J.: 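Here you go, one structure.
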2 protein chains.
Amino acid sequence: MVTRNTKQKEFVLNNLKNRYDHPSSQKLYDDAKKQGIEIGKVSIYRILNNLVKEGLVCKIVTKDNVAHFDFVRKNHIHLVCNNCNRIFDKNFDNDEKLTKLINDFNISMQDVILYGICKDCKQTINSSKQ
Amino acid sequence: MVTRNTKQKEFVLNNLKNRYDHPSSQKLYDDAKKQGIEIGKVSIYRILNNLVKEGLVCKIVTKDNVAHFDFVRKNHIHLVCNNCNRIFDKNFDNDEKLTKLINDFNISMQDVILYGICKDCKQTINSSKQ
DNA sequence: CTCTTATTGGAAATGATTTTCAATAAGAAA
DNA sequence: TTTCTTATTGAAAATCATTTCCAATAAGAG
């Protein structure tokens, strides 16, 4: 099975490489259309799943059941806001306890996801309380 | 708005209190049927969402897009297997770096989720390699 | 240039979850 | 206990992200 290079594969990988906002499949699709790139939704799903299998891209599912994707980079973990469902990168170099877990359970930094309420939402929620 | 006690609410909360396997809504529904408890699927979804809002129960979405639920208990985090999608509890008392994050981002221990490959799957995957 | 087959993409299927809304029942008040 | 208000339930239908199917397309080896 020889893999082939296609403009669709190139678009998905390059797009993810050049952004830091953890887009959903739908967002990638919209961006492709905006840029005039011919690509079907199915192909985006398929290409993303392959990239995840290859380990080049990681998949983060937010609590609204939408998958988000991120080109794998080093030394950061993900913070997911349970309110706005945005995903934030957080620098986090190895610490002792997490390293121990990594040895037990086959995880890497980009597999560490913390769910909470981001600063923006915390502010909005507080100021809406009378 | 006065809340009312119902056998459906009681079933969902007590069932979650007495188990440690992080069931999905479907699993809760099957168990109710098995126990002869009259409850519709919609009610399970609705009751679970309310318990999550109240902070009594936490919701963990696995990468197969299925939500799992856990009665909130102290001092543990969750490990999710990306292969079998099972969820494991892991004792993990406060450590310095995570505590710092908790202050920045409004998270608590049960919001810490690590995705990886569990020991069982690691073994299966390794032994299936020729 | 030809040919094989990896890849694409629209349509349809899937499956978890949510919405709608009429029927039911909890529990306060009489 | 009975009545009455309305919170709650649950079946059917809708929603929505994602996957499957499969015929048409195109990468790139020969």
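Please read all numbers here as calculations on a predicted model, not as lab measurements. The figures that follow rest on heavy atoms only: side chains count, while hydrogens, waters and symmetry mates do not.
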J.: Let me know the distance between CG of A:Asn50 and C1' of D:dT18, rounded to the nearest Å.
T.: 14 Å

J.: Which whole-number value in Å describes the distance from A:Asn49 CG to D:dT18 C1'?
T.: 9 Å

J.: Hey, does the side chain of A:Tyr45 come within less than 4.0 Å of D:dT19's phosphate (OP1/OP2), counting only N and O?
T.: no

J.: Mapping B:Asn5 and B:Ala67 to their closest nucleotides on DNA chain C, which lands nearer the 5' end?
T.: B:Ala67

J.: Counting N and O atoms only, with roles assigned by atom type, does the side chain of B:His22 sit under 3.5 Å from a partner on the main chain of B:His68, one being a donor and the other an acceptor?
T.: no

J.: Give the rounded distance in Å between these two atoms: CZ of B:Phe69 and P of C:dT17.
T.: 6 Å

J.: Rounded to the nearest Å, what distance is computed from the NZ atom of residue A:Lys63 to the P atom of nucleotide C:dT18?
T.: 13 Å

J.: Specify the separation, in whole Å, of atom NZ of A:Lys53 and atom C1' of D:dT19.
T.: 12 Å

J.: Please give, in whole Å, the distance from D:dT20 P to B:Asn65 CG?
T.: 13 Å

J.: If only atom types and distance count, is the side chain of B:Asn15 paired as donor or acceptor with the main-chain N or O of B:Phe11 below 3.5 Å?
T.: no

J.: Do you know which two heavy atoms are closest between A:Val72 and A:Gly55, and how far apart they sit?
T.: CG2-O, 3.7 Å

J.: Is a side-chain donor or acceptor of A:Lys59 paired with a backbone partner of A:Val52 at a separation under 3.5 angstrom?
T.: no

J.: With heavy atoms under 4.0 Å as the rule, sort A:Ile47 into base, sugar-phosphate or nothing.
T.: sugar-phosphate

J.: Separation of B:Arg4 atom CZ from C:dA26 atom C1', in whole Å?
T.: 5 Å

J.: Which atom names give the shortest non-hydrogen contact between A:Leu28 and A:Ile44, and what distance separates them?
T.: C-CD1, 4.0 Å

J.: For the helix from C:dC1-D:dG30 to C:dA30-D:dT1, what is the angle between the axes at its two ends, each from 5 pairs, rounded to 10°?
T.: 30°

J.: Going only through I, L, V, M, F, W and Y residues with side-chain contacts under 4.5 Å, is there a path from A:Tyr20 to A:Ile87?
T.: no

J.: Starting from the 5' end of DNA chain D, give me the residue, B:Val2 or B:Ile44, whose nearest nucleotide shows up first.
T.: B:Val2

J.: Using a 3.5 Å distance criterion without hydrogens, assess whether the side chain of B:His76 forms a donor-acceptor pair with backbone atoms of B:Asp89.
T.: no

J.: Show the nearest heavy-atom pair for residues B:Lys9 and B:Thr3, with the distance to one decimal.
T.: NZ-CB, 4.1 Å

J.: On the six-membered ring of A:Phe105, is B:Lys90 placed so that its NZ or CZ lies under 6.0 angstrom from the centre and within 45° of the ring axis?
T.: no

J.: Treating Ile, Leu, Val, Met, Phe, Trp and Tyr as nodes and any side-chain heavy-atom pair under 4.5 angstrom as an edge, say whether A:Val66 and A:Tyr115 lie in one connected cluster.
T.: no

J.: Indicate whether OP1 or OP2 belonging to C:dA6 is found under 4.0 Å from a side-chain N or O atom of A:Thr3.
T.: no

J.: Could you pull out the closest heavy-atom pair between A:Tyr29 and A:Ile39, with the gap in Å?
T.: CE1-O, 3.4 Å

J.: With a 3.5 Å distance limit and no angle check, can you tell me whether B:Arg73 reaches the backbone of B:Lys17 through a side-chain donor-acceptor pair?
T.: yes

J.: Please list residues of residues 6-40 of chain B whose heavy atoms come under 4.0 Å from any atom in DNA chain C, ordered by number; otherwise none.
T.: B:Ser25

J.: What is the distance, to the nearest angstrom, from the NZ atom on A:Lys41 to the C1' atom on C:dA12?
T.: 15 Å

J.: Between the protein and nucleotides 19-22 of chain C, list the N/O to N/O atom pairs that are separated by less than 3.5 angstrom.
T.:
none

